[in-house]
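Numbers for residues simply follow the sequence, beginning at 1. Because the structure is a prediction, the values reported are computed rather than measured. Order of listing sets the numbers, starting from 1, for every ligand and every atom in it.
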Amino acid sequence: MPELPEVEMFKRYLDATSLHQRIADVDVRNAYILKDVTARELARGLKGRRFESSRRHGKHLFVRADDKLWLRLHFGMTGSLEYFKANGQTPRHTRVLFIFTNHHRLAFDDQRQFGQLELLKDVDEFLKKRALGPDALNLELGGFRKMLRKHRGAVKSILMNQQLIAGIGNIYADEILFRARMHPATEISRLGDKALTKLFRATRYILKKAIVAKADVNQLPKSRLLPHRRKGGKCPRCGRKLSTAKIGGRTAWFCAQCQKQRS
Ligand SMILES: [Zn+2]
């Protein structure tokens with residue numbers, strides 16, 4: 001499921017391929033992923049314009065077509081982008097196709113269809129309406145500690161709460177907690193300044209390194225949790241079998257030895 005590092009990769013991909021090309025047409029193959037916009041409105045809004053720049057906030061990607069017109073992309077569980085030549089093979093689960101005048105196309109491919117495309121007038125207004133927290137890579141230590149001190153609950157649920165910090169999902173929350181050596185169910189109010197600082201540093205480190213690795217699990221060092229995060233997987237630190245637990249409705253993977261629960 002695309003989290004901050006994956007969406008950052010999509011941003012860079014779109015920036016490198018699809019900016020400044022005139023949009024000849026928008027072909028909606030499946031309107032299910034359109035949010036508050038019809039296929040006709042989407043095509044009418046974008047036809048003749050160009051994507052000029054983009055901006056990412058958490059797991060959302062916003063592409064500017066005009067001062068008052070932005071396309072919002074959310075990748076849901078299986079969303080991705082593919083830019084290809086007009087005579088090339090259209091990706092199998094293409095839901096929306098942006099057709100450029102340069103004989104290239106950009107496909108929004110999404111097998112499971114949890115993704116969303118929407119037209120917006122104002123990005124900041126959208127962020128406010130959704131009450132999204134600051135982007136996980138835009139947080140300062142002071143703000144991070146202040147915000148976390150105001151909340152109660154399992155540290156993993158807090159990290160994944162988009163209204164507090166935008167961009168972290170199930171996978172990277174586990175990776176961050178593994179690095180910080182914290183049990184995912186740790187009550188946030190039990191963490192003092194030192195522990196919160198450690199958590200903050202782990203958050204930045206893991207997200208930044210994931211971007212450097214192009215959000216590709218095969219490029220991550222074996223000392224990370226992700227390459228071992230599966231049934232029978234062993235802790236890369238101590239060799240003990242990894243544990244799972246349901247926290248905040250999602251399956252957490254962790255090492256019960258290296259990430260002891262504080263009591
Ligand atoms: Zn361990």
In terms of relative ring orientation, are H104 and Y83 parallel, tilted or perpendicular, with 30° and 60° separating the classes? parallel
Can you list, by chain and residue number, the protein N, O or S atoms under 2.8 Å from the Zn ion (ligand 1)? C235 SG, C238 SG, C255 SG, C258 SG
Decide, yes or no, whether a salt bridge links [X] with [Y] under the criterion of side-chain N to carboxylate O below 4.0 Å.
| X | Y | result |
| --- | --- | --- |
| D122 | K129 | no |
| R105 | D25 | no |
| E175 | R179 | no |
| K11 | D15 | yes |

For this output row, return yes or no: ring centroids of H57 and F126 closer than 6.0 angstrom. no
